[in-house]
Protein chains: 2
Amino acid sequence: MDKQTITIYDVAREASVSMATVSRVVNGNANVKPATRKKVLDVIEKLDYRPNAVARGLASKKTTTVGVIVPDVTNMYFAQLARGIDDVATMYKYNIILTNSDSNNEKEVKVLNTLLSKQVDGIIFMGNEINGKLREEFKRTKTPIVFAGSVDEEDLYARVNIDYVAAVQEEVKNLIDRGNRRVAFVCGPLEQAINGKFRLKGYKQALKSAGIPYDEKLVFETDDTYKTGTLLQPALMAVNATAAMVTDDELAAGIMNGMSDADVKVPDDFEIITSNDTKLTEMVRPKMSSITQPLYDIGAVAMRLLTKLMHNEPVDEKNVLLPYGLMKRESTK
Amino acid sequence: MDKQTITIYDVAREASVSMATVSRVVNGNANVKPATRKKVLDVIEKLDYRPNAVARGLASKKTTTVGVIVPDVTNMYFAQLARGIDDVATMYKYNIILTNSDSNNEKEVKVLNTLLSKQVDGIIFMGNEINGKLREEFKRTKTPIVFAGSVDEEDLYARVNIDYVAAVQEEVKNLIDRGNRRVAFVCGPLEQAINGKFRLKGYKQALKSAGIPYDEKLVFETDDTYKTGTLLQPALMAVNATAAMVTDDELAAGIMNGMSDADVKVPDDFEIITSNDTKLTEMVRPKMSSITQPLYDIGAVAMRLLTKLMHNEPVDEKNVLLPYGLMKRESTK
DNA sequence: CTGTTAGCGCCTTCAA
DNA sequence: TTGAAGGCGCTAACAG
């Protein structure tokens, strides 16, 4: 069980200095004479001493690890965010404990608690339904939290996103301008504020500006999966939709393939716009037009923000909005 | 900085017992009178006490976290493995520290060391080039390691895979049987044993069985990315290949789309078989025929194996081979 | 510039 | 069944 028996005492003894001195050189403290620093460094090298981060964490109350709660890494959207997070974390000498929540509130609460018990220095949360219990837990902890690609209606937490309302509104407007009077809105759970409050709002605003009445039958609430998308074609046709604004790329790919399989031509007979601009948009045929968001950057900026919070540096704006774009590919006319 | 000030002492005092007793109930030790157990539990609840995992880790030399080294979570193949790992880890009350190595040896060594310094109880490694330095580090540590979806030529470490040689051989044989005399082998870095030693071997064996001479010009060593795939069409045509066995799904999708864009019909004019059976195979058009491997399970089984190693349970077979299959979809005739 | 001395919060014998 | 006491390996004052 002794994975690593050489402690700071061993190198102290071997170098004929006190452990405090060893600690100093290990931590890059300036107050060490170059000569003794070298001596210590040599012994460290010779003994292959590796500081025990756990002990260090207990003594310093800092673990240099942050918790990352994500619905599902298997979804490219989150995978790309996670990658941005990890890269910046590494840059700042942090590691991430990655946990999948399936957007399940119980799991989120549970996992949050185990992360806190592990004394993570900060948390990055992805998921958009901050219900009572979870919000309570968030409020109780003093550990810094930032949301990545996740909105916070209450405006309490630091977060980085794009302007979902504006982006959806623009895209839907374009769809309408191109002659589509019946544009479907296909989204993930409406309970999630990002869908129910933000994106839906953009959708409604676009309709309103165009003087088109809002028709609930054109709103399809789904579970954001590819499979579900493939099954949607009949329903979409049934309500005479000629285009769809979709909130997830895998879901959109499913819809598109479902259309193609039913011989509905995209984009000629049906236009599709998706929302996340993951690499998937380029891999399918036709390539999917999408709202573009800097996925990697959202993660990276979120992590950067978290480092500031953890180091008690001032942050000028809690609600970071990164620029979005509209990328026309082949699923729209 | 006092994220959480209630310690085991607080609940001990409040419950009028010793901290040792509190420790016992927290750890489910049987030697506690039911009455005092309840008393303690009540106080824990009341004070909202949460054991400090770091302190616990220092005292017990167990952190209940494992390190996971992966080339890139952004690649669906690894994302799906990672998901399997996390689910089983959670099941056994472990968390995972996820790190991206980009298959870069320096990063791998570095990250391995920080994981060890953080006293992870075990490590799951993905990546297929175990070079000198990395192998050395692996050998030095007593921390259990298992490879997931990664081969080990030296047969030293526990690992879970499929039989790459046989799978590739079968698929290439099918390709040949269907009349393809010039089958390209498009793979990731040949330095990686999984490509250079295993898959290539299967490819060669299939050729040999069919009495077709091995032609080096038909072997395309790439970086496993979609983009690279899209660029390969001219080169593939130049060597008169009529089919390709590809070792990565994103890469294969790129090749396929590159073909389509150049008006080469898949599968009529060019057949493609890929290797990982990620969800991507179903999302592209035509859907890609693939060797099927139980991705999630490879991760899950690897993690399960690791728990055994960590708990010093016996493992009957270090080299676990999960069953593979051949899924004919639309990219082959 | 360097050493001494307390802890950090918990687990784990050893006694009682 | 319970308590006392000694670490786990390191950081962080505080002296000197």
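These values consider heavy atoms only, across backbone and side chains, with no hydrogens, waters or symmetry-generated copies. Predicted, not measured: the structure shown is a model, and the values here were computed from it.
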Could you state the [atom1]-[atom2] distance from [X] to [N], rounded to the nearest angstrom?
{"X": "A:Ile6", "N": "D:dC10", "atom1": "CD1", "atom2": "C1'", "answer": "14 Å"}
{"X": "B:Arg37", "N": "D:dT1", "atom1": "CZ", "atom2": "P", "answer": "9 Å"}
{"X": "A:Leu116", "N": "C:dG9", "atom1": "CG", "atom2": "P", "answer": "16 Å"}
{"X": "B:Asn52", "N": "C:dC11", "atom1": "CG", "atom2": "C1'", "answer": "13 Å"}
{"X": "A:Asn29", "N": "C:dG3", "atom1": "CG", "atom2": "P", "answer": "13 Å"}
{"X": "B:Lys61", "N": "D:dC10", "atom1": "NZ", "atom2": "P", "answer": "10 Å"}
{"X": "A:Arg13", "N": "D:dG9", "atom1": "CZ", "atom2": "C1'", "answer": "14 Å"}
{"X": "A:Arg50", "N": "D:dC10", "atom1": "CZ", "atom2": "C1'", "answer": "16 Å"}

What's the spacing between B:Asn319 CG and B:Asn161 CG if we round to 0.5 Å?
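Interatomic distance, B:Asn319 CG to B:Asn161 CG, rounded to 0.5 Å: 7.0 Å.
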Just to confirm, is there a sub-4.0 Å distance from OP1 or OP2 of C:dC1 to any side-chain nitrogen or oxygen of A:Thr21?
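So the side-chain polar atoms of A:Thr21 never come under 4.0 Å of the phosphate oxygens OP1 or OP2 of C:dC1.
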For C:dG3 and A:Ser18 - does any side-chain N or O of the residue sit under 4.0 Å from the phosphate oxygens OP1/OP2?
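Yes, within the criterion.
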Strictly by ring-ring contact (aromatic ring centres under 6.0 Å, His included), give each pair with a member in residues 77-103 of chain B just once, sequence neighbours left out.
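Matches after skipping sequence neighbours: none remain.
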Could you check whether atom [atom1] of [X] has more than 12 heavy atoms from other residues, nucleotides or ligands sitting under 6.0 Å from it?
{"X": "B:Glu45", "atom1": "CD", "result": "no"}
{"X": "B:Lys107", "atom1": "NZ", "result": "yes"}
{"X": "A:Lys110", "atom1": "NZ", "result": "no"}

Step through it carefully: locate the ring centre of A:Tyr9, locate the ring centre of A:Tyr49, and say whether they are under 6.0 Å apart.
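Ring centroids of A:Tyr9 and A:Tyr49 are no less than 6.0 Å from each other.
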Is the ring centre of B:Phe138 less than 6.0 Å from the ring centre of B:Phe125?
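Judged by ring-centre distance (under 6.0 Å), B:Phe138 and B:Phe125 do meet the cut-off.
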Would you kindly compare B:Leu58 and B:Pro34 by the position of their nearest DNA chain D nucleotide and give the one closer to the 5′ end?
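Its nearest nucleotide lies further toward 5', so the answer is B:Pro34.
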Before accepting this row, confirm whether a basic side-chain N of the pair A:Glu137/A:Arg140 lies closer than 4.0 Å to the acidic partner's carboxylate O.
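Salt bridge flag = yes for A:Arg140 with A:Glu137.
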Between the opening five pairs and the closing five pairs of the helix from C:dC1-D:dG16 to C:dA16-D:dT1, how far apart are the helix axes, to 10°?
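Comparing the axis at each end, I get an angle of 30°.
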Is B:Val17 touching bases, backbone alone, or none of the nucleic acid, heavy atoms closer than 4.0 Å?
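Counting heavy atoms under 4.0 Å across all strands, the contact made by B:Val17 is with sugar-phosphate only.
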Measure from the side-chain heavy atoms of B:Asn31 and tell me the nearest of C:dT2, D:dT1, D:dG3.
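Closest nucleotide among those given: D:dT1.
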If you only use heavy atoms from C-beta on, which nucleotide in C:dT2, D:dG9, D:dG3 is closest to the side chain of A:Val32?
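Comparing C:dT2, D:dG9, D:dG3 against the side chain of A:Val32, the answer is C:dT2.
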Do you see a donor-acceptor pair shorter than 3.5 Å between the side chains of A:Thr64 and B:Lys118?
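Present: a donor and an acceptor within the cut-off.
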Between protein and nucleotides 11-16 of chain D, map the contacts as a letter string: B base, S sugar-phosphate only, - none, heavy atoms under 4.0 Å, written 5' to 3'.
BBB---
